[in-house]
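Report on one structure; see the data block that follows.
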Amino acid sequence: MEKIRILHTNDLHSHFEHFPKIGRYLREAQKDQTVDQVFTFDAGDFMDRSHPLTDATYGQANIQLMNSFHYDAITIGNNEGISNSHAVVEKLFDHADFPVILANLREEDESMPHWAVQYKILTTKKGTRIGLIGLTAAYPLSYEPNHWHVKMLKETMDKVLPQMKGQYDVLILITHIGLNMDTFLAKNYPEIDLIVGGHSHDLLPHGKEVKGVWITQTGKWGNYVGSTYMEIDDNHHVRKITPHVEPTSLMKSHIADEDTILGYRQKGKEILSRELIADLPEKYDGDREAAIQVSMNAIAHFAGTDLAMLSSGLFLTPFKKGVITKYDLQKSLPHSMHVVRSTLRGSDLWRLVMEIEKNRHFLDQFPLQGMSFRGKIFGQMYYKGIKFDPMSRIVFVNGKEIDPYQEYQIAVLDHYVLVPFFPTLAIVGDNDFLFPQFLREVIGDYLAKKYPLTGSEIKSGKNKQ
């Protein structure tokens with residue numbers, strides 16, 4: 001009999017406040033003498049550019065810390081593949097000490113990314129062959145504009161499994177596709193033994209068994225670490241799988257942890273603060289509405305539209321007068337959202353405005369999570385180029401009553417396409433997702449041109465480096 005222990009994380013999202021504890025726990029558990037072998041996996045979204053250190057280093061700080069966790073294999077999540085530009089992802093794993101397993105992502109020429117493999121076979125000390133397949137969320141609307149070809153899950157599995165036939169005794173999937181899709185795979189591919197999952201942030205304290213396939217997931221943000229035991233007989237067949245999670249809150253802490261955690265944030269702040277963006281006039285000082293208005297101008301300019309909309313909850317802090325830096329923008333707009341140019345017929349744009357107005361009071365204080373939103377509440381919706389008369393229910397576009405048969409283009413965010421409040425955008429909108437810049441970069445570029453720095457300010461910024 002062979003006993004394997006599998007340590008696993010998912011959806012860490014740059015929550016560095018847990019990293020000191022997690023690192024110690026993993027390194028200690030990896031020395032476990034009560035089992036024959038220990039493997040360590042991560043199921044994606046290990047980085048999140050809402051943290052200043054991740055943003056400042058384009059994820060390289062995360063890679064360094066993950067190297068210290070001694071992963072045997074990982075897959076990527078949407079935060080790695082979509083929130084970063086194609087060019088950043090191409091270099092993200094240059095210094096990684098672990099393999100990236102990813103079967104359903106391709107370059108535009110259909111070649112494999114140079115930093116990933118479709119599958120990997122690990123052989124234990126007792127000769128058991130463990131096959132690993134990695135899968136990321138199949139989001140063509142987001143991956144395609146970022147110059148990737150993402151493959152559907154069934155198509156991928158039907159191609160990869162025949163290639164692996166006869167090469168493994170145990171099959172483990174490392175996935176960032178969410179519990180529903182993990183369940184689909186478990187129901188349709190009985191050769192799977194274990195799915196180490198992520199993406200949907202489900203906490204499965206003792207796993208979930210679906211038709212003899214075990215699924216594990218540890219919630220989010222490093223609040224828990226997975227510890228799954230697998231018993232394998234002398235013929236290399238799985239006899240028992242026992243999933244379990246360990247609360248990070250109960251792990252050992254050290255007196256230096258707090259300084260380490262603060263140091264991560266401070267280092268990111270220092271790097272981002274060296275990069276000066278613009279010199280804003282007095283009217284922006286603490287005025288959230290002024291920040292929203294200029295930001296709508298920015299996304300409209302970026303999308304080439306006259307119309308735009310943004311919600312106030314996006315702005316965690318207002319802008320300030322004087323010189324603003326990348327850190328200021330990162331602090332105000334930490335979201336990894338992209339601008340979308342949506343083309344709608346006038347009748348559909350009218351319907352979108354009705355959806356917004358219907359939900360306006362509800363959304364004002366609505367506590368929102370997920371879909372790249374890193375704030376607290378949705379807030380109020382603002383329009384550029386659109387006015388609504390609540391008495392007559394007439395919508396005016398650039399001062400004229402909306403033409404139900406005319407096509408209009410409006411700059412929105414991918415966030416608004418994903419949230420359930422405005423179905424018109426997702427159902428009938430012809431949506432063009434614009435990459436690679438995301439929201440704060442689009443706004444920063446616009447502010448830099450509208451309110452340029454003087455030579456002395458640029459020189460002063462360089463001297464700080």
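Counting from 1, the numbers follow the sequence of the chain as shown. Just so it is clear, the values below take in all heavy atoms, side chains as well, and ignore hydrogens, waters and symmetry mates. Please read all numbers here as calculations on a predicted model, not as lab measurements.
- By the 4.5 Å heavy-atom criterion applied to side chains, M337 and F373 are counted as neighbours.
- Judged by distance alone, the side chains of N146 and H86 never bring a donor and an acceptor atom under 3.5 Å apart.
- Ring pair F39/F41 is parallel by interplanar angle, where below 30° counts as parallel and above 60° as perpendicular.
- In summary, D285 and K320 do not engage in a salt bridge, as defined by a charged side-chain N under 4.0 Å from a carboxylate O.
- Between D36 and K3 there is no salt bridge, since no side-chain N of the basic residue sits under 4.0 Å from a carboxylate O of the acidic one.
- Every residue two or more places apart in sequence or in another chain was checked for a salt bridge (Lys or Arg N to Asp or Glu O under 4.0 Å) with K376, and none qualifies.
- Looking only at atom types and distance, the side chain of D42 has no donor-acceptor partner in the side chain of H8 under 3.5 Å away.
- Counting only N and O atoms by type, the side chains of D45 and H176 include a donor and acceptor under 3.5 Å apart.
- E282 pairs by the salt bridge (Lys or Arg N to Asp or Glu O under 4.0 Å) definition with K321, not counting sequence neighbours.
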What's the verdict on salt bridge (Lys or Arg N to Asp or Glu O under 4.0 Å) for K326 and E441, showing C-alpha distance, side-chain angles and the deciding distance? CA-CA 9 Å; K326 276 193 174 182; E441 294 174 326; over 6 Å; no
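- Residues H335 and H415 have side chains not in contact (no heavy-atom distance under 4.5 Å, counting atoms from C-beta outward).
- Residues satisfying the salt bridge (Lys or Arg N to Asp or Glu O under 4.0 Å) test with D364, not counting sequence neighbours, are none.
- Using a cutoff of 4.0 Å between basic side-chain nitrogens and carboxylate oxygens, D11 and K220 are not scored as salt-bridged.
- Checked against salt bridge (Lys or Arg N to Asp or Glu O under 4.0 Å), K252 has the following partners two or more places apart in sequence or in another chain: E28.
- Y168 and Y119 are not linked by any side-chain donor-acceptor pair at a separation below 3.5 angstrom, with hydrogens and angles left out of the test.
- Applying the side chain to side chain donor-acceptor pair (under 3.5 Å) test to pairs two or more places apart or on separate chains, those with a residue in residues 308-317 are S311-Y416.
- The ring-ring contact (aromatic ring centres under 6.0 Å, His included) test applied to H301 returns Y446, not counting sequence neighbours.
- By the 30° and 60° cut-offs, the orientation of the rings of H15 relative to W221 is parallel.
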